[in-house]
Amino acid sequence: MESPSTIRVATSLCCFCVLLSFTTTVIDPVVALESCKFPAIFNLGDSNSDTGGYAAAFSQPPWPYGRTFFRMPAGRFSDGRLMIDFIANSFGLPFLSAYLNSLGSNYTNGANFATAASTIRLPTSIIPAGGFSPFYLDLQYDQFVQFKSRTLKIRKRGGVYKDLMPKEEYFPKALYTLDIGQNDLGEGFFANKSIQEVNATVPDIINGFSTNVRRIYKSGARSFWIHNTGPIGCLAYILANFQAAQRDSAGCSKPHNEVAQYFNYKLKEAVAQLRKDFPLAAITYVDVYSVKYSLFSQPKKYGFELPLVVCCGYGGEYNYSNDAGCGSTITVNGSQIFVGSCERPSLRVNWDGVHYTEAANKFVFDQISSGAFSDPPLPLKMACHRNASY
């Protein structure tokens, strides 16, 4: 027969195990959250997430853009898919059709208002006279408002186009993604402003961003996935044009990256304020910068090589020149040369001097979708939740 002391010990152990089990269950509340079922995605941004807006409005990026996945130019400034493509795919949704694309588009599960060369603020130099898109963030918001209004009218009217538009209830249930800001910094740098002068513009840029998020929220949106800006100082178009800038241990331009970091600091502040102002919204801030920078600082660790050297370009230390864009034909010593891509884009980070390869985009997506770089620390599939609690 067991002694009373033995029984007490066994009972205590049993209680301890139950308590431990309970504690383990509540220690990670994210596991208990229900995965979000977004029926649609609405994206606003620049070339980092443009799936055909620039191509529809101006010109299609030429071959070899699109070579890796689509086997043809597909309106994306990469050799293949972008992060927004992987985001859509993760929810079982089709690739987003560009709002500006009038041919063959299907908006059942959302729309993409991003265009390459877009900024948050109205740019001073606009295509075709300058280098930036007229579709800055204010206009992208206006396009979204028009899209929503016309969608409701089309679905009410019925007919052949009805099934190509999202249902009314999709708008408040959708995920709203934003990835924009790099070109605002670039515009300042290439306008020969000093680092200090570009830094001084950041608060106003962020104010413009916040204003549009507020407007989108007031239209009924509740779930936001907001990317910060990447390490612009690691991109060849900065490195080749600002060769006197101090380099860091990864070979990136330190002062240009510091401006990007300041932008991200102010953006994170703005997101925190938006959460206070709109407690019903789920607003996730995503640190894309840290993940992208790791590709330049530790490329071999992640299976990449020559991160600062352009895959599709020509000339100089970084295989990049302003006058020899990817897919163009140039004259060198009297001979015509086609500016093509490297043999294995899957090993490279920088596609054309400004944009990332599909392989790099996929790596970044895999990292950020886990929630490890999110504030609050929620994975992408939980982006409809305001925090990690029940």
Side-chain angles (χ1 to χ4, degrees), residues 36-47 49-58 75 84-85 87-88 91 93-123 126-127 133-180 207-227 274 277-278 280-284 383-384:
C36 307
K37 295 178 175 60
F38 296 114
I41 296 173
F42 297 103
N43 180 70
L44 297 87
D46 54 27
S47 55
S49 59
D50 180 2
T51 57
Y54 185 98
F58 303 110
I84 189 63
D85 294 315
I87 289 173
F91 291 109
L93 301 177
F95 296 148
L96 295 183
S97 291
Y99 169 77
L100 294 173
N101 192 359
S102 60
L103 300 174
S105 292
N106 186 330
Y107 302 110
T108 306
N109 298 105
N112 194 350
F113 302 91
T115 61
S118 287
T119 53
I120 295 172
R121 297 196 305 178
L122 176 65
I126 295 176
I127 299 168
S133 169
F135 304 109
Y136 70 115
L137 191 56
D138 282 11
L139 282 186
Q140 291 184 29
Y141 167 76
D142 290 342
Q143 291 171 338
F144 166 72
V145 171
Q146 183 182 87
F147 174 84
K148 183 178 180 181
S149 174
R150 294 184 66 188
T151 290
L152 301 182
K153 292 177 182 177
I154 290 171
R155 290 197 67 88
K156 184 176 181 180
R157 186 168 63 238
V160 65
Y161 298 111
K162 171 178 173 289
D163 294 330
L164 295 177
M165 311 305 292
K167 297 178 181 179
E168 182 175 0
E169 61 266 28
Y170 283 8
F171 287 94
K173 295 179 180 179
L175 178 65
Y176 290 78
T177 56
L178 294 98
D179 189 332
I180 192 168
N207 182 59
F209 181 89
S210 294
T211 296
N212 281 287
V213 172
R214 292 175 186 278
R215 295 162 80 191
I216 297 170
Y217 174 87
K218 291 176 180 178
S219 77
R222 290 298 178 265
S223 300
F224 296 85
W225 182 262
I226 298 173
H227 291 181
L274 288 167
D277 295 342
F278 303 121
L280 296 180
I283 308 176
T284 306
C384 60

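Small disclaimer: the values here were computed from a predicted structure and weren't measured.
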(request) Specify the closest pair of heavy atoms between Ala383 and Cys36, including all atoms of both residues, with the distance to one decimal. (result) N-SG, 3.5 Å
(request) Applying salt bridge (charged side-chain N to carboxylate O under 4.0 Å, His left out), name anything that partners Arg150, two or more places apart in sequence or on another chain. (result) none
(request) Could you tell me whether a side-chain N or O of Ser210 sits under 3.5 Å from a main-chain N or O of Asn207, the two making a donor and an acceptor? (result) no
(request) Any chance you could measure Ser133, atom OG, to Tyr54, atom OH, to the nearest 0.5 Å? (result) 8.0 Å
(message) The criterion is side chain to side chain contact (heavy atoms under 4.5 Å, CB included); which residues satisfy it with Ser47, sequence neighbours excluded?
(response) Phe77, Ala116, His355
(request) Evaluate the side-chain proximity of Phe224 to Leu178: yes if any heavy-atom separation is below 4.5 Å, no if none is. (result) yes
(request) Give, for atom CG of Asn212 and atom CZ of Phe144, the distance between the pair rounded to the nearest 0.5 Å. (result) 11.5 Å
(request) Of all the heavy-atom pairs spanning Ala117 and Ile127, show the shortest one and how long it is. (result) CB-CD1, 4.4 Å
Give every donor-acceptor pair under 3.5 Å between a side-chain atom in residues 162-174 and any protein atom, sequence neighbours left out.
none

(request) Mark yes or no for whether Arg222, through its side chain, and Leu280, through its backbone, hold a donor-acceptor pair below 3.5 Å. (result) no
(message) Measuring from atom CG of Asn109 to atom CZ of Phe91, what distance do you get when rounded to the nearest 0.5 angstrom?
(response) 12.5 Å
(request) Heavy atoms only: give me the nearest Arg214-Leu274 pair and the separation to one decimal. (result) CG-CD2, 3.6 Å
(request) Decide yes or no on side-chain contact (heavy atoms from CB on, under 4.5 Å) for Ile84 and Thr51, but give the supporting numbers first. (result) CA-CA 8 Å; Ile84 189 63; Thr51 57; 3.8 Å; yes
(request) Taking the side chain as every heavy atom from C-beta outward, state whether Phe147 and Ser149 have any pair of such atoms under 4.5 Å apart. (result) no
(message) Quick one about Ser49 and Asn43 (side-chain donor to acceptor, distance below 3.5 Å, no hydrogens or angles considered), yes or no?
(response) yes
(message) Which residues pass the salt bridge (charged side-chain N to carboxylate O under 4.0 Å, His left out) test with Arg121, not counting sequence neighbours?
(response) Asp204
(message) Just verifying a value: how many Å separate Phe113 CZ and Leu44 CG, rounded to the nearest 0.5 Å?
(response) 6.5 Å
(request) Tell me, please, which residues at least two apart from Asp85 pass salt bridge (charged side-chain N to carboxylate O under 4.0 Å, His left out). (result) Arg76
(request) Kindly assign one of parallel, tilted or perpendicular to the pair His227 and Trp225, based on the angle between their ring planes and the thresholds 30° and 60°. (result) perpendicular
(message) Suppose we screen for salt bridge (charged side-chain N to carboxylate O under 4.0 Å, His left out). Which residues come up paired with Lys153, at least two apart in sequence or across chains?
(response) none
(message) Assess, by modelled atom type and distance only, whether the side chains of Asn112 and Asp50 contain a donor and an acceptor separated by less than 3.5 Å.
(response) no
(request) Using a 4.5 Å cut-off on heavy atoms from C-beta on, say whether the side chain of Leu103 contacts that of Asn101. (result) yes
(message) For Phe209 and Ile226: C-alpha separation, side-chain torsions, deciding distance, then whether side-chain contact (heavy atoms from CB on, under 4.5 Å) applies.
(response) CA-CA 11 Å; Phe209 181 89; Ile226 298 173; 3.6 Å; yes
(request) Give the intermediate values and the outcome of side-chain contact (heavy atoms from CB on, under 4.5 Å) for residues Ile154 and Arg157. (result) CA-CA 5 Å; Ile154 290 171; Arg157 186 168 63 238; 3.7 Å; yes
(request) For residues Tyr217 and Tyr176, determine if any side-chain heavy atom of one lies less than 4.5 Å from a side-chain heavy atom of the other. (result) no
(message) Can a side-chain donor-acceptor contact be found between Gln146 and Tyr99 if the only test is distance below 3.5 angstrom?
(response) yes
(request) Quick one: pull up OG in Ser118 and CG in Asp179 and give me the separation to the nearest 0.5 Å. (result) 11.5 Å
(message) Between Ile180 and Thr119, does the side-chain contact (heavy atoms from CB on, under 4.5 Å) criterion hold? Intermediate values first, please.
(response) CA-CA 7 Å; Ile180 192 168; Thr119 53; 5.7 Å; no
(request) Enter the distance from Phe38:CZ to Cys384:SG here, rounded to the nearest 0.5 Å. (result) 4.5 Å
(request) Measure across Leu100 and Ala57 and return the closest heavy-atom pair with its distance rounded to 0.1 Å. (result) CD1-CB, 4.1 Å
